[in-house]
Amino acid sequence: RAKMDDANLRGSVTARITVAADGAIANAQIADSTLNSAQVEGCLTREISRWHLPRPSGGAAVSFQYPFVFE
């Protein structure tokens with residue numbers, strides 16, 4: 001939607017994601033961004049929060065960073 005409002009919207013966003021022991025997303029936040037769009041960054045973290053990933057091995061929560069590139 002944001003791209004329709006601003007055709008020049010480009011950049012990268014790195015999200016820090018914490019996966020709980022059951023695979024649910026415990027936390028999602030923006031670690032770094034060149035996009036400069038709070039609207040897109042907020043949308044991204046809300047959508048990531050809906051994900052359900054495989055359970056981490058070892059039975060403990062894990063965190064990782066994941067890059068998204070918008071062209």
Side-chain angles (χ1 to χ4, degrees):
R1 172 79 182 120
K3 184 74 167 176
M4 291 182 349
D5 293 339
D6 180 0
N8 295 316
L9 185 65
R10 304 186 154 72
S12 62
V13 177
T14 301
R16 178 169 301 142
I17 303 166
T18 302
V19 182
D22 66 354
I25 302 302
N27 189 31
Q29 62 189 45
I30 302 303
D32 189 45
S33 178
T34 63
L35 198 59
N36 299 319
S37 173
Q39 177 187 12
V40 174
E41 294 163 3
C43 180
L44 185 60
T45 56
R46 283 189 303 276
E47 290 302 314
I48 292 170
S49 295
R50 294 177 171 183
W51 294 358
H52 193 86
L53 299 175
R55 294 176 184 221
S57 61
V62 297
S63 293
F64 63 95
Q65 292 189 18
Y66 192 86
F68 294 86
V69 178
F70 297 89
E71 297 179 345

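Computed from heavy atoms alone, side chains included, the values below leave out hydrogens, waters and symmetry copies.
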(Q) Any non-hydrogen side-chain atom of Val19 less than 4.5 Å from a side-chain atom of Ile25? (A) yes

Q.
Looking at every heavy atom in both Glu41 and Asn36, which two are closest together, and how far apart are they?
A. OE2-N, 3.9 Å

(Q) Are the side chains of Phe68 and Leu35 in contact, using a 4.5 Å heavy-atom criterion? (A) no

Q) Which pair of heavy atoms, one from Gly23 and one from Pro56, lies closest together, and at what distance? A) N-CD, 4.3 Å

Q) Around Gln65, counting heavy atoms of other residues, nucleotides and ligands shown, do more than 12 lie under 6.0 Å from its CD? A) yes

**Q.** Spacing of OG1 belonging to Thr14 relative to CG belonging to Asp32, to within rounding of 0.5 Å
**A.** 5.0 Å

Q) For the residue pair Thr45 and Gly42, what are the closest heavy atoms and their distance? A) OG1-O, 3.0 Å

Q | Same apolar cluster: Val40 and Met4, side chain cutoff 4.5 Å | A | no

Q) What are the two closest non-hydrogen atoms of Ala31 and Arg16, and how far apart are they? A) CB-NH2, 3.9 Å

(Q) Looking at Arg55, I want to see if its CZ is surrounded by more than 12 non-hydrogen atoms of other residues, nucleotides or ligands under 6.0 Å. (A) no

Q | Closest non-hydrogen atom pair between Ala21 and Gly59, with its separation | A | CB-O, 3.4 Å

Q: Verify the cluster assignment for Tyr66 and Leu53: are they in a single hydrophobic cluster under the rule of side-chain heavy atoms below 4.5 Å apart?
A: yes

Q: May I ask you to test the Val13-Phe70 pair for a side-chain heavy-atom distance under 4.5 Å?
A: yes

Q) So which heavy atom on Ala2 is nearest to which on Gln39, and how close? A) CB-OE1, 4.2 Å

Q. What distance do Gln29 atom CD and Ser49 atom OG have between them, rounded to the nearest 0.5 Å?
A. 10.5 Å

Q.
Taking Ser12's backbone N and O only, do any of them form a donor-acceptor pair with Thr34's side chain (distance below 3.5 Å, no angle check)?
A. yes

Q) Would Val62 and Trp51 show up in the same hydrophobic cluster when neighbours are defined by side-chain heavy atoms closer than 4.5 Å? A) yes

